Each structure stands twice: as structure tokens, then as C-alpha cells.
Protein chains: 2
Amino acid sequence: MMERKKFSQFKNKALENPEVREEYEKLQQKYELKTKLISLRKMNGLTQEELAKKLHTQKSNISRLENVNSKISPRLSTIEEYAKAMGYNLEINFIPQN
Amino acid sequence: MMERKKFSQFKNKALENPEVREEYEKLQQKYELKTKLISLRKMNGLTQEELAKKLHTQKSNISRLENVNSKISPRLSTIEEYAKAMGYNLEINFIPQN
DNA sequence: TATAAAGTTCTCATATATGATAACTTTAGT
DNA sequence: ACTAAAGTTATCATATATGAGAACTTTATA
């Protein structure tokens, strides 16, 4: 708990730096999408292999897509198909910064 | 006015057909994104050329990106950068299909 | 702790998006 | 109708995502 508080304080301080903040938000966003993809799949009780089959591709490709560390920026259509395979549509919004 | 009503009735009838409906929604979505991109740019009072400069690219590429008819499915990062250049962040949501 | 299932990583081939330039068309203002 | 600005289209080169297969690591469970 003490650790958590300390870190939290440090984080807030660091985020006052615009460059750090920007970098952080960029990561947050990437993390968000990948995270959403993964939880969407798990919510539907699918393994990577099962989803891969639905999409006529390989489990290794699903893994790559879901990998938070990969530098790949997927095509919109790829995300769309992933979502469709589980019964979802994509919605894209533009949010003003600050 | 008469024309509009007739068309509207036809449209609703046609949308009861699942295949037609799916095709329609697909188009709607594509249209939506491109439309959002265009209005975002215009809201910020930018020409394609001006935006291109901000993004260190050419106006022809902006035109291609905004072109509703093109079969290109852009990278997520491309849309992101377009938005960022005008002070917006991307938000992506998964909407259950019915 | 052995085993199977699930997920990851690497690599190469292929498909597709993006960058750049030029010529063309449309639109707006006079 | 003329002109300039804005937008479009075509094309080729380059960058990057995706497909596929194999070997590897992690996780869960008996």
C-alpha cells in the first residue's frame, strides 16, 4: 500500500511534464485497444486458436495482434474483422485533447 | 417530399433483409469515419494542403485518405496522426451487433 | 512433476498502405 | 468567362501489416 501511494505520487508529478504525459497517454491508448481486444475474446470464451479459425488465420497472428509490446499498428479492417467475428461493430470517436 | 417518403419506405423494407442490412451498415460505418475525418478538418479551418503540411505529407495522400470510394483500410496510426494533428485523440469502442 | 492446451516468438513470403510527383478537374471569387 | 485555390486521380517506389509454419515457453490440471 505504501509502495502504491509513493508510486502514484511520483506518477502524478511526472505527468505534469507535457512530454512525459504525451508518451504516457500514447501508451495508455495502445494498451487500451489491445486490452479491449483480449477481454472481448475472453468474454466470448474463445482461445486464440478458436478465434483464429473463425478469421481463417493462425493463432500466431492473433497473438501478434494482441501483443501489447509489438510496434504494429494494425489496419482498421483487421480490428473490424476481429470484432465482427465475435459479434461486435467498431465505433471510432475523436476526443479533443484536454 | 413525396419522393423522400417513398424512398424511406423502400429503405426500411429492404433493411429487413439481413444481407442488405449488413451491407448497408458496413457502408454506413465507412462513410462515417471518412465523413468524420473531413468534418474534423473543416471544423479546424484547414485545407487538405495545410493539413498535409502538418503531417509532413502531400495533399494527394490526404485526399486519398478522405476518399469515401477508395478501398483502402488505413492503419490505425494513420487515423491517429490525422486526429492528433488537429488536437484530437482516438477512441475505439466495440458495439454489440443487435 | 508430467502432460496437454494455450500462448509466444521468429522468419520469410505476400498483400496492402503510404510517400511523392505530376497532370487533371472542380469550386469559388471577380 | 478567367483565374487561382482546392481537391482528385494515376502511377511508381517504399514501408509496413498480414499469412503461414515451426519451434519454443507458459499455464493449468491430473
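Being a predicted model, the structure only gives us computed values, none of them experimental. Order of the sequence lines sets the chain letters (A, B, ...), proteins ahead of strands, with each chain counted from 1.
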> Which nucleotide, C:dT18, C:dT8, C:dA20, lies nearest any side-chain atom of B:N61?
Replying inline: C:dA20
> B:L65 versus B:I79: any side-chain heavy-atom pair under 4.5 Å?
Replying inline: yes
>> Quick check for you: name the first and last nucleotides of DNA chain D, 5' to 3', having an atom under 4.0 Å from a heavy atom of chain B.
In response: D:dA6 to D:dA17
> C:dC12 C1' sits how many Å from A:Q58 CD, rounded?
Replying inline: 14 Å
> With distance as the sole criterion, do the side chain of B:S60 and the base of C:dT21 form a donor-acceptor contact below 3.5 Å?
Replying inline: yes
> Between B:L65 and B:K59, who's closer to the 5' end of DNA chain C by nearest nucleotide?
Replying inline: B:L65
> Within the structure shown, what part of the strands sits under 4.0 Å from A:S63 by heavy-atom distance: base, sugar-phosphate, or nothing?
Replying inline: base
> Where the side chain of A:R64 is defined as all heavy atoms beyond and including C-beta, which of C:dT18, C:dT11, C:dT8 is the nearest nucleotide?
Replying inline: C:dT11
> B:I38 and B:M43: same hydrophobic cluster, using ILVMFWY side-chain contacts below 4.5 Å?
Replying inline: no
>> For A:K36, I'd like to know if atom NZ has over 12 heavy atoms of other residues, nucleotides or ligands within 6.0 Å.
In response: yes
>> For B:E49, I'd like to know if atom CD has over 12 heavy atoms of other residues, nucleotides or ligands within 6.0 Å.
In response: no
>> Need to verify one output field. Residue with the more 5' nearest nucleotide on DNA chain D, B:E50 or A:H56?
In response: B:E50
>> Can you tell me which residue among A:E66, A:K53, A:Q58, A:K59 is in a side chain to side chain donor-acceptor pair (under 3.5 Å) with A:Q48?
In response: A:E66
> To the nearest angstrom, how far is A:K53 atom NZ from C:dA5 atom C1'?
Replying inline: 15 Å
> If you group Ile, Leu, Val, Met, Phe, Trp and Tyr by side-chain heavy-atom gaps below 4.5 Å, do A:I72 and A:L37 land in one group?
Replying inline: no
